[in-house]
Participant: 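Right, I'll just put the structure down here and ask away after.
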Amino acid sequence: MTTDEILQGLFDNTLIGNAPAVKDLTNEGLAMGMDPETLLYDALIPSLEEVGARFERGDFFVPEMLIAARAMQGALDILRPLLAETGAKPIGTFVMGTVKGDVHDIGKNLVNIMLEGAGFTVYDLGVNVAPEKFVEQVQEHEPDIVGFSAFLTTTMPMFKANINALEKSGLRDRVIVMVGGAPVTQEYADAVGADGYAADASTAVRLAKALIENRRSAAAPA
Ligand code: B1M
């Protein structure tokens, strides 16, 4: 098989939710020396984008989205240790979750993988996380950053609800707030009062490092 055939096979089989084929092709691509990020960004993510486009057109329904997502998760299980570089020095702590009302977790999981690889300790609260749970976990872990992920325009307002809950508990000034997810924009992040927004996992890692550095240098004695 050529590398192009691996990428095409991954795209096609994710699209139809053929999880065993996606796993086999992922392993085969890696055995051929293909870069894990190439498999991810040139085949798996574009395939889920196509799933979304078909859902919007009414060609796909929720079950098709679900089996495509499961096929993608299988590939991610294989790619996870490879995407997370090892040996990075501890940089900071992150509490992360998908907001209340939202069960999309693939994007969040990818961000977590990259954060862990860059040396962050990540506490993943999972999906459908209520504001009270974020508050409780921020209190418990005292992270540098709390991250909210949302994939639905109807759940994005939970960013503001979460920030309000942090404010009410007196925690807002003690933690950096980052937001992200497919429908989120910088403008929206600014409007709800988040400290940072990233469109993808690599940008999220770069931004998280920069925000922590800024905060630490602002707190350091002159
Ligand atoms: Co859903 N879904 N879904 N879905 N689904 C979308 C999001 C949708 C855009 C599809 C479409 O219409 N084109 C649409 C939302 C429309 C809108 O709100 N405007 C939609 C809908 C409508 C729904 C339901 C309402 C459908 C229904 O029931 N009628 C329903 C809602 C369920 C709920 O949450 N309450 C639903 C359900 C599902 C499934 C459960 C079937 C499944 C999710 C499975 C899972 O996640 N375990 C699913 C899927 C798979 C999708 C699509 C096809 C793919 C999403 C995905 O995982 N993409 C999606 C279409 C799309 O997004 N184009 C769709 C891959 C991922 C890697 O995406 O955005 O590149 P990407 O991730 C980036 C960034 O987002 C960023 O980094 C990631 C990695 O680089 N990022 C952050 C993410 N979080 C971040 C946090 C950060 C920083 C960056 O800091 C904290």
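When reading the values below, keep in mind they use all heavy atoms of this one structure, side chains included, and skip hydrogens, waters and symmetry mates. We count ligands from 1, going down the list as the structure has it; atoms in each ligand are counted the same way. When a residue number appears, it is its place in the shown sequence, counting from 1. Predicted model only: the values in this text are computed from it and were never measured.
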Participant: Any idea which protein heavy atom is nearest atom 62 (O) of ligand 1, and the distance to it?
Facilitator: Ala182 CB, 3.9 Å
Participant: Under 4.0 angstrom from atom 10 (C) of ligand 1, is there any protein heavy atom?
Facilitator: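 Within 4.0 Å: yes, protein heavy atom nearby.
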Participant: What is the nearest protein non-hydrogen atom to atom 58 (N) of ligand 1, stated with its residue, atom name and distance?
Facilitator: Leu48 CD1, 3.7 Å
Participant: Whether the side chain of Ser47 engages the backbone of Leu15 through a donor-acceptor N/O pair (distance < 3.5 Å, no angle test) should be reported.
Facilitator: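 Side chain of Ser47 to backbone of Leu15, a donor-acceptor pair under 3.5 Å: yes, one is there.
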Participant: May I ask you to decide if Val175's main-chain N or O and Arg172's side chain share a donor-acceptor pair within less than 3.5 Å?
Facilitator: yes
Participant: Using a 4.5 Å cut-off on heavy atoms from C-beta on, say whether the side chain of Gln73 contacts that of Ile106.
Facilitator: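 Side chain of Ile106 against side chain of Gln73, heavy atoms only: contact under 4.5 Å found.
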Participant: So, are Lys209 and Glu213 salt-bridged, with charged N and O less than 4.0 Å apart?
Facilitator: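 Looking at Lys209 and Glu213, the cut-off is not met.
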Participant: For atom 76 (C) of ligand 1, find the nearest protein heavy atom and state the residue, atom name and distance (0.1 Å precision).
Facilitator: Ala199 O, 3.5 Å
Participant: Number the atoms of ligand 1 from 1 as they appear, then name those within less than 4.0 Å of a heavy atom of Glu56, with their elements.
Facilitator: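 So the answer, numbered in order with elements, is 11 (C), 12 (O), 13 (N).
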Participant: Check contact between Gln73 and ligand 1, using heavy atoms of the residue and a distance below 4.0 angstrom.
Facilitator: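 Contact present.
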Participant: Could you list the atoms of ligand 1 found under 4.0 angstrom from a heavy atom of Met178?
Facilitator: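 Ligand 1 atoms under the 4.0 Å threshold to Met178: 91 (C).
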Participant: Mind checking whether Asn162 and Val146 have side chains closer than 4.5 Å, heavy atoms only?
Facilitator: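 A side-chain contact under 4.5 Å is absent here.
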Participant: Is there a donor-acceptor contact under 3.5 Å from the side chain of Glu64 to the main chain of Phe61?
Facilitator: yes
Participant: Before signing off on this row, confirm whether Met72 and ligand 1 have an N or O atom pair separated by under 3.5 Å.
Facilitator: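 Such a contact does not occur with ligand 1.
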Participant: With heavy atoms of Ala198 as the reference, note each atom of ligand 1 found under 4.0 Å away.
Facilitator: 88 (C), 89 (C)
Participant: Among all protein heavy atoms, pick the one closest to atom 81 (N) of ligand 1 and tell me residue, atom and distance.
Facilitator: Gly181 N, 3.6 Å
Participant: Indicate the ring-plane relationship of His104 and Phe151, choosing parallel, tilted or perpendicular according to the 30° and 60° boundaries.
Facilitator: parallel
Participant: Measuring to protein heavy atoms, does anything land under 4.0 Å from atom 50 (C) of ligand 1?
Facilitator: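 Given the 4.0 Å cut-off, atom 50 (C) of ligand 1 counts as touching protein heavy atoms.
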Participant: How about Leu25 and Leu39: do any of their side-chain heavy atoms sit closer than 4.5 Å?
Facilitator: no
Participant: Using 30° and 60° as the class limits, which term best fits the ring planes of Phe120 and Phe94: parallel, tilted or perpendicular?
Facilitator: perpendicular
Participant: Which residue and atom name correspond to the protein heavy atom nearest atom 40 (C) of ligand 1, and how close is it?
Facilitator: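 Nearest neighbour among protein heavy atoms for atom 40 (C) of ligand 1, to 0.1 Å: Leu66 CD1, 3.8 Å.
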Participant: For Asp173, does the CG atom have more than 12 heavy-atom neighbours from other residues, nucleotides or ligands under 6.0 Å away?
Facilitator: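 Open.
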Participant: Taking Asp105 for its side chain and Lys108 for its backbone only, find out whether a donor-acceptor pair lies under 3.5 Å.
Facilitator: no
Participant: Close to atom 1 (Co) of ligand 1, meaning under 2.8 Å, how many protein N, O or S atoms are there?
Facilitator: 1
Participant: Using a distance-only test with no angle check, is there a side-chain donor-acceptor pair under 3.5 angstrom linking Gln8 and Asp12?
Facilitator: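 Yes, Asp12 and Gln8 have a side-chain donor paired with an acceptor closer than 3.5 Å.
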Participant: Name the closest protein heavy atom to atom 57 (O) of ligand 1, giving the residue it belongs to and the distance to 0.1 Å.
Facilitator: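 The closest one turns out to be Ile106 CB, 3.4 Å.
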Participant: Please identify which atoms of ligand 1 are closer than 4.0 Å to at least one heavy atom of Ala69.
Facilitator: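 With Ala69 as reference, the close atoms of ligand 1 come out as 44 (C), 50 (C).
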Participant: Between Lys23 and Asp77, is there a salt bridge with N-O shorter than 4.0 Å?
Facilitator: no
Participant: For Lys168, check side-chain contact (heavy atoms from CB on, under 4.5 Å) against everything at least two apart and list the hits.
Facilitator: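 Here no residue qualifies.
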Participant: So is there a nitrogen or oxygen of Thr153 less than 3.5 Å from a nitrogen or oxygen in ligand 1?
Facilitator: yes
Participant: Would you confirm whether any non-hydrogen atom of the protein falls under 4.0 Å from atom 37 (C) of ligand 1?
Facilitator: yes
Participant: State whether any protein heavy atom lies less than 4.0 Å from atom 16 (C) of ligand 1.
Facilitator: no
Participant: So which heavy atom in the protein is nearest atom 80 (O) of ligand 1, and how far is it from that ligand atom?
Facilitator: Ala201 N, 2.9 Å
Participant: With heavy-atom distances below 4.0 Å as the criterion, list the atoms of ligand 1 near Leu110.
Facilitator: 67 (C), 79 (C)
Participant: I'd like to know if the side chain of Asp195 reaches the main chain of Met178, judged simply by a donor and an acceptor atom lying under 3.5 Å from each other, with no hydrogens or angles considered.
Facilitator: no
Participant: So if I count the atoms of ligand 1 from 1 in the order they appear, which ones are less than 4.0 Å from some heavy atom of Asp200?
Facilitator: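 Answer for ligand 1: 76 (C), 77 (O), 80 (O).
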Participant: Could you check whether any heavy atom of Pro183 sits closer than 4.0 Å to an atom of ligand 1, since that is the contact criterion I want to use?
Facilitator: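 No; Pro183 lies far enough from ligand 1 that no heavy-atom distance drops under 4.0 Å.
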Participant: Taking only heavy atoms of Gly147 into account, list the atoms of ligand 1 that are under 4.0 Å away from them.
Facilitator: 91 (C)
Participant: Distance under 4.0 Å to a non-hydrogen atom of Phe148: what atoms of ligand 1 satisfy this?
Facilitator: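 Atoms satisfying the 4.0 Å criterion: 91 (C).
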Participant: So does Leu152 get a backbone contact from the side chain of Asp102, meaning a donor-acceptor N/O pair under 3.5 Å?
Facilitator: yes
Participant: Considering distance alone, does some N or O of Ser149 sit under 3.5 Å from an N or O of ligand 1?
Facilitator: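 Right, the criterion is met.
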Participant: Please write down residue, atom name and distance for the protein heavy atom closest to atom 46 (O) of ligand 1.
Facilitator: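 Atom 46 (O) of ligand 1 sits closest to the protein heavy atom Asp105 N, 2.8 Å.
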